[in-house]
Number of protein chains: 4
Amino acid sequence: MNNREEKRRDILIAAFKIFGRDGFYKAKVSDIAKEANVGKGTIYEYFESKENVFEEMVKFGIEQYLKKVTLLIYEEDDVIEKLKKYVLAEKEMMIEYGNIANIFFQEADKIGKEVREIVIKARNRKLSLIEDIVKEGIKKEIFKNIDAYLFSLAFIGGVHQFLVDEIRFFASNKKVYTIEDFINLFLNGIKK
Amino acid sequence: MNNREEKRRDILIAAFKIFGRDGFYKAKVSDIAKEANVGKGTIYEYFESKENVFEEMVKFGIEQYLKKVTLLIYEEDDVIEKLKKYVLAEKEMMIEYGNIANIFFQEADKIGKEVREIVIKARNRKLSLIEDIVKEGIKKEIFKNIDAYLFSLAFIGGVHQFLVDEIRFFASNKKVYTIEDFINLFLNGIKK
Amino acid sequence: MNNREEKRRDILIAAFKIFGRDGFYKAKVSDIAKEANVGKGTIYEYFESKENVFEEMVKFGIEQYLKKVTLLIYEEDDVIEKLKKYVLAEKEMMIEYGNIANIFFQEADKIGKEVREIVIKARNRKLSLIEDIVKEGIKKEIFKNIDAYLFSLAFIGGVHQFLVDEIRFFASNKKVYTIEDFINLFLNGIKK
Amino acid sequence: MNNREEKRRDILIAAFKIFGRDGFYKAKVSDIAKEANVGKGTIYEYFESKENVFEEMVKFGIEQYLKKVTLLIYEEDDVIEKLKKYVLAEKEMMIEYGNIANIFFQEADKIGKEVREIVIKARNRKLSLIEDIVKEGIKKEIFKNIDAYLFSLAFIGGVHQFLVDEIRFFASNKKVYTIEDFINLFLNGIKK
DNA sequence: TATGAATGAGTATTCATTCAT
DNA sequence: TATGAATGAATACTCATTCAT
């Protein structure tokens, strides 16, 4: 088997965990090494620098994420179900990977141009996913003829906040909302 | 007269700028001192540590921000206009202070419990602002009887994404949306 | 008193000792700091990098050295005495500073362009010192009309080897030569 | 056939080149391996350590060098021609191997006792070569009855400086000296 | 025997914090 | 009270050496 590729993957998964927990600056290369069960020097056999590990981790993570979401969405026919599946996929990612997504977007900016570009491209692919669903819904005359891009912005932002609330600020005494509750807001609007 | 209070304020404003530009870890205490036109040691006459400066800056920034939004909103009578004013206030903040808000939320986590609590409290106050508008709208029978908290989550998230798109990923060839366009999505929903 | 200038000097003197003992690569910045009785960080308040410390030490050492030699030579009237004084000055330097001169010339090459240029310039000033003596001797009709530059090369090289032998490879059973013995070789030649 | 001996030689030749270019500390074992077209691990099949490679390279280089000089000198009958041949041999070595000789002498000190001893022994053999020529010249009544050892020091040092000037600090506008010019200084002296 | 992937000891450098002035 | 010179803890990265294949 391709042992080199495997070890590279191990390091990226470890980086994913450590960067996700500590952010770029607080994370120590030696911690990533420990987590990956390799020596500190080994990291540098596979990556040029801490920055480069971050960069490749972002690429790797984004790819994993987009694959997952895309798959879930394409399994569905109904556009409303597709939107629900998107929320579900995001939820799973957030549970699994903590706030890595935030770190992608937040710290990428300061780390270097290339990371920034990767992240922007990923963001656009995510927006496109929703745009496509909306366009399909418009064509199928399920949705009004609204601007698909504008909606995707609102929706993605809304979903993020909704999930952050549920997952990260969870309090036992808080009312729990279903995905339907949430989606209905976007479907029906609030104006009487 | 209150020279001490004034200098503290100067430092906080400088911290706001530097942390906003560089994030917590990349920001240097000496840069904040330079920006505030004080000596490096002076910072430590007013604050216990870099973390404490960050903490106090977050409190200060949030207070400023909430004051501004609250004021704008209470100037209006019409609930829909109030929502627009919220978007406007957020937009101004984002233009003026860059992504400081993200830094609040993102890095606060790693910096310490107290900051985290401050940020959560602020987030809740922001959500309450919207909640109150929605409840008023429901009472006035302008809005449906939806869950005000759930809406505030969706709305705040959506606004954030909308503004990030406009301000940070602005591209000359991109379609420009009005705040009305955006608000209408939430008012009318997308389902036919 | 100019404390800053003083401390800079202390560091350079420490660097002189440590680089002289260990060479550029083996020398540790922390050892220079210890030798200078300052903290490691202090070095970086006065110099940009280890390279820069080396560079400045070379400048400093060369200046000291040339001052000394020049002074000794100008005290004398007789050209042959001047040559002897040069040998004496070199000898004192070699005893006092070990093989720092070799390190100047040897390692300067690898460390950076600027150091290299400083060292070359110093070498030329040293050659000029001898050249001037020779030219004076020719004018005074004490010396033959030989090429002064060529002689200075031969003389400086010869002196170096002579002193290295005496100082560094000293063995108790070895015949000891006087400076006169040595100088006479150059004065009279070896051909019958 | 003697493949082992051959590969050892290849490594030493590569070491000669790399150490000559970079000096002991800057030189990387991996670069020597690459230059010798062997794996990094292979170096350690033939030598105990980087230091040992250096040590053996010094021995090897010195042996090559002394063989060459000795041969050239013994081809000649005339003592003055022998001195010229020595200069020529040194010149060729300096052109071919850069400043490896300096590195021998300079860095040997820091690397270990054994290398130091090898280098000293080699230096003495070199001095002996010249000494023997001088003694021969004295016997043949071509040279004055000077101290042969003292002369060899002066001569070897002078030659080194002369060649360094010609080869390493060569400048197109500089006067070019012949070996005769140089030798004549030593033969005739400078005193009128 | 030959290899190069893996390792971790070792070191330059940064920067929050202290404290003498 | 205000300062900035001095400090050393902390950490990315290099490279000689080992060892499984």
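Predicted, not measured: the structure shown is a model, and the values here were computed from it.
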Residues at least two apart in sequence or cross-chain that pass side-chain hydrogen bond (donor to acceptor under 3.5 Å, both in side chains) with Y46(D), listed by chain then number, are none
Expressed as a whole number of angstroms, how long is the span from [X]:[atom1] to [N]:[atom2]?
X      : N       : atom1 : atom2 : value
I18(D) : dC15(F) : CD1   : C1'   : 15 Å
E5(D)  : dT1(E)  : CD    : C1'   : 16 Å
N52(B) : dT17(E) : CG    : C1'   : 13 Å
D10(C) : dA5(F)  : CG    : C1'   : 15 Å
K50(A) : dT11(F) : NZ    : C1'   : 8 Å
F47(A) : dT14(F) : CZ    : P     : 15 Å
I11(D) : dT1(E)  : CD1   : C1'   : 12 Å
R8(B)  : dA2(F)  : CZ    : P     : 14 Å

Taking the side chain as C-beta and beyond, is there a heavy-atom pair between E6(D) and N3(D) under 4.5 Å? yes
May I ask you to test the R116(D)-V119(D) pair for a side-chain heavy-atom distance under 4.5 Å? no
Distance (rounded to the nearest 0.5 Å) between [X] [atom1] and [Y] [atom2]:
X      : Y      : atom1 : atom2 : result
S30(A) : I18(A) : OG    : CD1   : 9.0 Å
Q64(D) : L12(D) : CD    : CG    : 9.5 Å
I32(D) : K17(D) : CD1   : NZ    : 12.0 Å

In sequence, state the C-alpha distance, the side-chain angles, and the governing distance for E35(D) and I11(D), and then conclude on side-chain contact (heavy atoms from CB on, under 4.5 Å). CA-CA 8 Å; E35(D) 178 70 29; I11(D) 293 170; over 6 Å; no
For the residue pair K50(B) and F24(B), would you count it as a cation-pi contact if the rule is NZ or CZ under 6.0 angstrom from the ring centre and within 45 degrees of the ring axis? yes
Counting only heavy atoms and a strict 4.0 angstrom limit, can you tell me which residues of residues 22-35 of chain B come near DNA chain E? A27(B), K28(B), V29(B)
If you assign each of V38(B) and E51(A) to its closest nucleotide in DNA chain F, which residue comes earlier from the 5' end? V38(B)
Report the residue (S49(B) or I43(A)) whose heavy-atom-nearest nucleotide on DNA chain E is the more 5′ of the two. I43(A)
Just the table, please: protein N/O against nucleotides 18-21 of chain E N/O, every pair under 3.5 Å.
none

Table please: side-chain donor-acceptor pairs of residues 52-62 of chain D below 3.5 Å, with sequence neighbours left out.
unit_1	atom_1	unit_2	atom_2	d
N52(D)	OD1	E48(D)	N	3.1
E56(D)	OE1	R8(D)	NH2	2.9
E56(D)	OE2	K59(D)	NZ	3.2

Can you tell me which nucleotide in dT17(F), dT13(E), dT3(F) comes closest to the side chain of T42(B)? dT3(F)
Determine, step by step, whether D31(A) and K34(A) satisfy the side-chain contact (heavy atoms from CB on, under 4.5 Å) criterion, reporting the C-alpha distance in whole Å, the side-chain angles of both residues, the deciding distance to 0.1 Å, and the verdict. CA-CA 5 Å; D31(A) 284 349; K34(A) 214 175 291 166; 4.1 Å; yes
Closest approach of A27(B) and D22(B), non-hydrogen atoms and distance? N-CB, 3.7 Å
Between Y46(A) and dA6(E), does any side-chain N or O lie under 4.0 Å from OP1 or OP2? yes
Taking only residues two or more places apart in sequence, or in another chain, which ones meet D10(B) in a side chain to side chain contact (heavy atoms under 4.5 Å, CB included)? none
In DNA chain F, consecutive runs of at least three Watson-Crick or G-U pairs below 3.5 Å, as range with range, amount to E:2-21 with F:2-21
